[in-house]
Visitor: 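Can you read through this structure? Questions will come right after.
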Number of protein chains: 2
Amino acid sequence: MSLIFSRQCEYALQGILYMAAQPHESYTNIIEISDRLGIPMPFLGKTFQLLVQAKILQSQKGPKGGFRLAKAPDEVALFHVVDAIDGTDFLTSCVLGFPECSGRNPCPMHNEWGPLRDRVYQMIAKKTIADVAREIKDSRQLRTKLGIR
Amino acid sequence: MSLIFSRQCEYALQGILYMAAQPHESYTNIIEISDRLGIPMPFLGKTFQLLVQAKILQSQKGPKGGFRLAKAPDEVALFHVVDAIDGTDFLTSCVLGFPECSGRNPCPMHNEWGPLRDRVYQMIAKKTIADVAREIKDSRQLRTKLGIR
DNA sequence: CATATATCAGACCTTTCTATCTGAAATATA
DNA sequence: TATATTTCAGATAGAAAGGTCTGATATATG
């Protein structure tokens, strides 16, 4: 395997996408979310707990409880979700795995990978939950996938 | 964790870098390579076996044996090494993990991730072992790291 | 031919990631 | 207050990746 984000991080991002399409004041429970997204429920529970600790989600126990966004949707970027689950190592670590690789001691990939990595960062740092919510509204495919309307 | 390549793939790329700096006809044994790069020797052995099967390296048993490049250095791109170890899933799989994500059914990241992923591919597909060998020659840092000259 | 040196093949161990299970704690509602 | 519903916390299980070990096989060299 390879690829940018861990599976748990993918789940977190998918879950946040789902939350972005919900009314922001009411709580959504994890049975509905995991059912709809096809994600193992207990694992998504653990994952959302991490997002609660990171103050990205709020939780409420008991009947009518569940999760909702902890902040205004335009205040949270997807980067914050990635940071809460996978951390930020990918921003600094060498793409070839050389521990001592750096700007003044670059590996053969360093000068090409740096700008690309920055653009990956920009991609998730600039896109907020509000942006995603808009895109979901504009895409019938995504709406049906997430069971909206 | 996250990041593009698996650890084994990083080892393979580092090992190929080392081979790029060696005379191409003679064999280099794995004790020297793993020592120099700080990689666990048996694991690098396994990894190089995969590169032999992929016809990127040739091996020779016995005294004076070891590994050497199986082709001319300008005929092998770093992509071939990545393909031999990690495969090419990263070229097609959705960055958010949606199985059904595609051009006509895009996830909210699809249109931004696609071009970036293509550039990652270009980066490793265009760079050959010969290119890397040149860069190593031109960098005193890399030469000392790899113990050249 | 004997020996030392190297890769090869397969089994095995360890660590990390993914996923599940259980019971406790909180809370809406009857 | 009793009950059902939900998250929470910690332990546990399973799967995959990373890493080790052993013996077999090939070969250069004395």
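Values in this document were obtained by computation on a predicted structure and should not be read as measured data.
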Visitor: Between D/dT27 atom C1' and B/N29 atom CG, what is the distance in whole Å?
Guide: 14 Å
Visitor: Counting C-beta onward and ignoring hydrogens, is there a side-chain heavy-atom pair between B/M41 and B/I30 closer than 4.5 Å?
Guide: yes
Visitor: Measuring to OP1 and OP2 of D/dT7, would you say a side-chain N or O of A/Y27 lies under 4.0 angstrom away?
Guide: no
Visitor: Calculate the interatomic distance between A/E32 atom CD and D/dT5 atom C1'; express it in whole Å.
Guide: 15 Å
Visitor: Just so I know, are the side chains of A/E112 and B/R119 near enough to count as touching, which here means a heavy-atom distance under 4.5 Å?
Guide: no
Visitor: First locate atom CD1 of B/I56, then atom CE of B/M19, and finally report the distance between them rounded to the nearest 0.5 Å.
Guide: 12.0 Å
Visitor: List in numerical order all residues of residues 49-63 of chain A for which some heavy atom is under 4.0 Å away from an atom belonging to DNA chain C.
Guide: A/Q60, A/K61, A/G62, A/P63
Visitor: Base, sugar-phosphate, or nothing: which does B/P42 touch, judged by heavy atoms less than 4.0 Å apart?
Guide: base
Visitor: Please evaluate the base of D/dG18 for a donor-acceptor partner in the side chain of B/K46 within a cut-off of under 3.5 Å?
Guide: no
Visitor: Determine: side-chain N/O of A/R7 to OP1/OP2 of D/dA16, distance under 4.0 Å, yes or no.
Guide: no
Visitor: Give A/G66 one of three labels, base, sugar-phosphate or nothing, depending on what nucleic acid heavy atoms sit under 4.0 Å from its own.
Guide: sugar-phosphate
Visitor: Rounded to whole angstroms, how far apart are CD1 on B/I30 and P on D/dC21?
Guide: 16 Å
Visitor: Is any side-chain heavy atom of B/L116 closer than 4.5 Å to a side-chain heavy atom of A/M123?
Guide: yes
Visitor: Is there side-chain contact between A/L78 and B/M109, with at least one heavy-atom pair below 4.5 Å?
Guide: yes
Visitor: Take the protein atom CE of A/M19 and the nucleotide atom C1' of D/dT7, then report the distance between them rounded to whole Å.
Guide: 13 Å
Visitor: Answer with base, sugar-phosphate or nothing: what part of the nucleic acid does A/F48 contact at a heavy-atom distance below 4.0 Å?
Guide: nothing
Visitor: Compute the centroid of each ring, for B/Y121 and then for B/F79, and state whether the two points are separated by less than 6.0 Å.
Guide: yes
Visitor: To the nearest angstrom, how far is B/D35 atom CG from C/dA6 atom P?
Guide: 12 Å
Visitor: Rounded to whole Å, how long is the line connecting atom CZ of A/F43 with atom C1' of C/dC21?
Guide: 15 Å
Visitor: Atom CD of B/E10 and atom P of D/dG19: how far apart are they, to the nearest Å?
Guide: 10 Å
Visitor: Could you check whether any side-chain N or O of B/Q14 sits under 3.5 Å from a backbone N or O of A/L96, counting only pairs where one atom can act as donor and the other as acceptor?
Guide: yes
Visitor: Over how many whole Å does the gap from A/Q8 atom CD to C/dC17 atom P extend?
Guide: 10 Å
